[in-house]
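Read through the structure below, which is laid out as structure tokens, and then see the notes.
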Amino acid sequence: SYEEEIILSHKVMDFENYPIAENQWTILNGPTSNVTETENGIKIENYSWQSGFVCQKNTLDEKNYTMSAHFKGTKTSPYTDETYIGLVPYYFDSKNYLFAYVQWCNWDGYQSIVREIGFTGFINGQSAGWNDIFNMSAVSTTPLTGFTLTIDRTANGFNATFIGDDKQTFSGTRNFSNLKKGSDYLGIYVQNDIVEVSNYQVKES
């Protein structure tokens, strides 16, 4: 596991002195993401699978938490490749992490809708497998339209809710065995797009 701390620029567009305080993020699982500060949050560009998690330290220790963010990418339908955008709701090290992604793809039957919210990663060095929350309502929100993803940590897993800026929504729950309490880091995952991330929040639940 590689870790790289970056301090985001104080110059945002034409605002020379914005913001006063610097924001610090840590890039985990390989420093592949390109992160820049924007007026409303951060912009992430990444093209590597399961790499370049843009995270902050979790200050809630072993308490349960709710995390959410608003995302706006560049892709629209019909899709010609695969795009993954979401959150990192569990990270200790390269053998203990999960990330949750909203997937758009050019697979048969999915070129114009969201395919799923998926969870994968590793728990105690073992693959967590593919844990799919399929889009059974034919939600067609695009990354370019924008959406909010919210994840609630429970004792055994996570509740995930997708709400598009066009008000289309779907949700589901996935449980995992042998999860540790809390998380050392929490953050954002992007693959194969340039995504504006705003209103990133982590709260005790």
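Computed from heavy atoms alone, side chains included, the values below leave out hydrogens, waters and symmetry copies.
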task: Look at the side chain of Asn46 and the backbone N and O of Val190, then say whether any donor-acceptor pair between them is shorter than 3.5 Å.
output: yes
field: Closest approach of Tyr110 to Val114 (non-hydrogen atoms, all atoms of both residues)
entry: CD2-O, 4.5 Å
statement: Sequence neighbours excluded, the answer for side chain to side chain contact (heavy atoms under 4.5 Å, CB included) partners of Ser68 is Thr150, Gln201
- line: Interatomic distance, OH@Tyr185 vs CG@Leu28, rounded to 0.5 Å, equals 6.0 Å
query: Does Asn131 use its side chain to pair, donor to acceptor, with the backbone of Arg174 at less than 3.5 Å?
result: no
task: Flag the pair Phe53 / Tyr97 as yes when their ring centroid distance falls below 6.0 Å, and as no otherwise.
output: yes
query: Could you give all pairs that pass the salt bridge (Lys or Arg N to Asp or Glu O under 4.0 Å) test and reach residues 62-88, with sequence neighbours left out?
result: Lys63-Glu204, Lys75-Asp81
query: Is the side chain of Tyr189 donor-acceptor paired with the backbone N or O of Gln50 at a distance under 3.5 Å, no angle test?
result: yes
- prompt: Taking the side chain from Ser183 and the backbone from Tyr91, do they hold a donor-acceptor pair closer than 3.5 Å?
  reply: yes
- request: Give a yes or no answer on whether the side chain of Ser77 reaches the backbone of Tyr79 with a donor-acceptor pair at less than 3.5 Å.
  value: no
task: Group every Ile, Leu, Val, Met, Phe, Trp and Tyr by side-chain heavy-atom contacts under 4.5 Å, then state whether Leu87 and Phe176 land in the same group.
output: yes
- request: Test Ile117 against Leu149 for side chain to side chain contact (heavy atoms under 4.5 Å, CB included), laying out the working first.
  value: CA-CA 10 Å; Ile117 300 169; Leu149 182 65; 4.2 Å; yes
- prompt: Are side-chain N/O atoms of Ser51 and Asn29 paired as donor and acceptor at under 3.5 Å?
  reply: no
- request: Taking ring-ring contact (aromatic ring centres under 6.0 Å, His included) as the test, write out the residues that go with Trp107, two or more places apart.
  value: none
task: Work out which heavy atom in Leu186 is nearest to a heavy atom in Pro89; give both atom names and the distance.
output: CD2-O, 3.3 Å
query: Any chance the rings of Trp104 and Phe71 have centres within less than 6.0 Å?
result: no
message: Can you tell me how far apart OG1 (Thr76) and CG (Leu144) are? Round to the nearest 0.5 Å.
response: 5.5 Å
- prompt: Are Tyr84 and Trp130 grouped together when hydrophobic residues (ILVMFWY) are joined by side-chain heavy atoms under 4.5 angstrom apart?
  reply: yes
query: Going from NZ on Lys95 to CD on Gln126, what distance comes out if it is rounded to the nearest 0.5 angstrom?
result: 10.0 Å
message: Can you tell me how far apart CD1 (Ile188) and OH (Tyr200) are? Round to the nearest 0.5 Å.
response: 6.0 Å
- request: Decide whether Asp193 and Thr74 meet the rule of one side-chain donor and one side-chain acceptor closer than 3.5 Å.
  value: yes
task: Quick one: pull up CG in Leu98 and CZ in Phe122 and give me the separation to the nearest 0.5 Å.
output: 10.5 Å
query: Closest approach of Thr66 and Ser205, non-hydrogen atoms and distance?
result: OG1-CB, 3.3 Å
Without placing hydrogens or testing angles, list every side-chain donor-acceptor pair under 3.5 Å for residues 153-165, not counting sequence neighbours.
from, atom 1, to, atom 2, distance (Å)
Arg153, NH1, Tyr65, OH, 3.1
Arg153, NH1, Gly182, O, 2.9
Arg153, NH2, Lys180, O, 2.6
Thr154, OG1, Asn156, N, 3.4
Thr154, OG1, Gly157, N, 2.9
Thr154, OG1, Gly157, O, 3.1
Asn159, OD1, Thr173, OG1, 2.5
Asp165, OD1, His70, NE2, 3.0
Asp165, OD2, His70, NE2, 2.9

message: Against Glu45, only a single residue in Asn34, Asn192, Thr32 fulfils side chain to side chain contact (heavy atoms under 4.5 Å, CB included); can you say which?
response: Asn34
query: Can you check side chain to side chain contact (heavy atoms under 4.5 Å, CB included) on Ile194 and Lys43, steps first, answer last?
result: CA-CA 7 Å; Ile194 302 171; Lys43 180 168 65 176; 3.7 Å; yes
Test side-chain hydrogen bond (donor to acceptor under 3.5 Å, both in side chains) applied to Gln168 and Ser140, step by step: CA-CA 8 Å; Gln168 297 184 75; Ser140 58; 3.2 Å; yes
Residues in side chain to side chain donor-acceptor pair (under 3.5 Å) contact with Ser112, at least two apart in sequence or another chain: none
message: So, taking the atom named CZ in Phe170 and the one named OG in Ser137, what distance separates them when rounded to the nearest 0.5 Å?
response: 8.5 Å
- request: Dump the intermediate steps for side chain to side chain contact (heavy atoms under 4.5 Å, CB included) on Phe119 and Ile133, then the final yes or no.
  value: CA-CA 8 Å; Phe119 285 83; Ile133 301 171; 4.0 Å; yes
- prompt: Can you hop from Val139 to Ile113 via hydrophobic side chains spaced under 4.5 Å?
  reply: no
query: Which atom pair, heavy atoms only, marks the closest approach of Ser33 to Ile27?
result: O-CD1, 3.6 Å
- prompt: Which residue pairs satisfy the side-chain hydrogen bond (donor to acceptor under 3.5 Å, both in side chains) criterion with at least one member in residues 114-124, sequence neighbours excluded?
  reply: Tyr101-Glu116, Gln103-Arg115
- prompt: When hydrophobic residues are tied together by side-chain contacts of less than 4.5 Å, even through go-betweens, does Phe92 share a cluster with Leu60?
  reply: yes
